[in-house]
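Accompanying notes for the structure given below.
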Amino acid sequence: MGQITDKKRIFLSSPHMSGKELKYIKEAFETNWIAPLGPNVDAFEEEVAKYVGASEAVALSSGTAAIHLALSLLGVGKGDNVFCSSLTFIASANPIMYQGAEPIFIDSEPDTWNMSPQALRRAFDDAMEEGCLPKAVIVVNLYGQSAKMDEIIAICDQYHVPVIEDAAESLGSMYKGKASGTFGRFGVFSFNGNKIITTSGGGMLISNDREALQKARFLATQARDAAPHYQHSQIGYNYRLSNILAGVGRAQLEVLEERIQSRRSIFNRYYEELSGLPGFMFMPELEDTFSNRWLTALLVNEEEAGISVKELLQALSEENIEARPVWKPLHLQPVFEGVHYYPHSEAESVSDFLFENGICLPSGSNMTDEELDTVINHIKKTVLKRKERMDIYSA
Ligand SMILES: *Cc1c(COP(=O)(O)O)cnc(C)c1O
């Protein structure tokens with residue numbers, strides 16, 4: 001489909017450079033550190049680890065690579081099961097397939113839109129009965145909101161199954177005073193172009209298990225043995241982050257707090273202006289958690305609002321405003337057809353509901369006040385127009 005209007009596009013979440021990135025890139029050029037190693041990589045790792053309060057971090061080429069290495073380090077392979085949040089971007093689960101393992105998807109619960117502890121418990125009960133516990137559990141923190149970590153970690157600990165926390169969307173968020181990403185055996189961040197800070201492409205694996213992260217570095221550099229010649233005793237990957245991109249990451253990390261404040265004030269603005277509309281319900285922030293509000297997400301009740309999410313998306317798209325539906329749950333993806341799925345309760349699949357009724361609004365920290373006004377006004381106008389038409393019909 002071509003451009004429908006000549007209006008300047010308002011993006012969902014576009015890269016927001018601070019300008020200081022060039023300083024680090026220039027340094028890399030001047031010292032000729034143009035490799036997937038170097039001073040920026042070392043410093044970026046240290047700075048991220050310090051920021052979240054983890055022992056150590058490994059800079060990688062993507063968040064997906066970080067999840068893949070975490071699974072590999074936990075020995076996940078053919079014939080193993082891995083529990084994974086269903087309501088997420090497919091990158092959370094793809095590495096399970098790379099390892100030849102079998103995903104089992106767990107539904108969301110309404111308070112956080114993240115993994116339902118009660119569905120997780122049912123999945124563990126069945127796994128116990130079948131004598132086939134999962135090798136790992138991948139928990140996602142959607143749009144910056146932490147999952148119910150206390151409950152989830154308690155269940156996983158009970159069965160001694162390690163947790164990988166997919167915090168790709170929640171860098172800078174907190175759960176009960178502790179940084180998002182630091183709750184599992186491994187935590188994963190992404191610096192993809194659409195994330196709250198970006199290196200254009202990149203990721204980070206964090207852990208308090210230094211030995212495991214040493215192994216991650218080894219696997220990420222083609223698993224090259226310590227020998228004077230090229231020697232390899234196992235299969236590795238080319239997953240390290242470039243020293244140039246790590247420089248971009250260092251400058252971005254310096255402004256992370258500002259980015260979080262911007263995203264949160266964008267959310268607040270939407271909330272103030274739109275939460276009064278009938279049928280508009282914003283994604284909650286669980287008590288004692290702090291969300292980076294990476295994306296402003298909300299539910300639209302078609303009956304009360306007089307408009308469906310699909311129609312609202314269409315109306316925004318006609319104004320060249322990029323909004324998106326909430327992630328399509330993985331248990332509904334054609335590529336995962338037939339995969340086992342545990343809904344929140346036998347009678348209710350929460351992620352199906354969130355997908356059908358959820359929408360993400362433009363939330364980039366580089367949005368101008370005028371752009372924000374444009375989005376808000378257009379939503380109000382669209383809803384009002386619908387309402388009027390409904391009232392005429394029902395009169
Ligand atoms: C972006 C994202 C990833 C993948 O990160 P990349 O750096 O793009 O590979 C994984 N999980 C979630 C939930 C994400 O949003």
Side-chain angles (χ1 to χ4, degrees), residues 11-15 36 44 48 57-72 82-99 103 105-106 108 112-115 136-147 149 152 163-173 180-181 183-184 186-206 216 220 237-242 245-246 248-249 252-253 263 283 291-297 324-331 333 336 351 354-355 358 360 363-364:
F11 291 102
L12 184 75
S13 177
S14 72
F44 189 37
V48 168
V58 178
L60 299 165
S61 52
S62 70
T64 311
I67 298 171
H68 190 191
L69 287 181
L71 290 172
S72 174
V82 175
F83 293 172
C84 180
S85 301
S86 186
L87 189 64
T88 181
F89 182 45
I90 193 156
S92 304
N94 274 342
I96 302 171
M97 309 306 285
Y98 304 162
Q99 291 301 95
F105 294 121
I106 312 292
S108 301
T112 63
W113 297 18
N114 287 311
M115 186 179 275
V137 176
I138 300 175
V139 183
V140 179
N141 304 310
L142 217 57
Y143 305 132
Q145 169 61 57
S146 291
M149 282 302 167
I152 290 166
V163 169
I164 299 168
E165 193 183 357
D166 179 350
E169 301 177 4
S170 62
L171 178 62
S173 300
S180 190
F183 288 84
F186 295 103
V188 169
F189 298 119
S190 165
F191 309 111
N192 192 29
N194 60 348
K195 297 303 197 299
I196 192 154
I197 60 169
T198 181
T199 60
S200 82
M204 195 76 81
L205 181 66
I206 63 161
Y237 312 94
N238 180 7
Y239 274 173
R240 285 291 259 164
L241 184 68
S242 130
L245 300 186
V248 176
Q252 287 272 291
L253 194 62
R263 301 245 179 192
M283 183 181 188
S291 171
N292 68 15
R293 293 290 190 193
W294 173 54
L295 293 185
T296 291
R324 289 281 171 85
V326 162
W327 297 123
K328 179 169 180 166
L330 298 183
H331 73 274
Q333 297 289 351
F336 289 127
S351 60
L354 295 172
F355 170 57
C360 298
S363 309

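All ligand and atom numbering here is 1-based and tracks the order in the structure.
In this structure, Tyr98 has its ring center no closer than 6.0 Å to that of Tyr237.
No donor-acceptor pair under 3.5 Å is formed between the side chain of Asn192 and the backbone N or O of Asn194. Here the side chain of Ser86 pairs a donor or acceptor atom with the backbone of His331 at under 3.5 angstrom. Side chain of Ser146 to main chain of Asn141: no donor-acceptor pair is present (N/O by atom type, distance under 3.5 Å, no hydrogens or angles). Without hydrogens or angle criteria, Asn292 side chain to Gly172 main chain gives no donor-acceptor distance under 3.5 Å.
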Side chain to side chain donor-acceptor pair (under 3.5 Å) assessment of Arg263 paired with Ser13: CA-CA 10 Å; Arg263 301 245 179 192; Ser13 177; 3.1 Å; yes

In a simple table, one pair per line, please give the protein and ligand 1 atom names for every N or O pair closer than 3.5 Å, along with the distance.
unit_1, atom_1, unit_2, atom_2, d
ligand 1, 5 (O), Ser190, OG, 3.2
ligand 1, 7 (O), Gly63, N, 2.8
ligand 1, 7 (O), Ser190, OG, 2.7
ligand 1, 9 (O), Gly63, N, 3.3
ligand 1, 9 (O), Thr64, N, 2.9
ligand 1, 9 (O), Thr64, OG1, 2.5
ligand 1, 11 (N), Asp166, OD1, 3.3
ligand 1, 11 (N), Asp166, OD2, 2.8
ligand 1, 15 (O), Glu169, OE2, 2.6
ligand 1, 15 (O), Lys195, NZ, 3.3

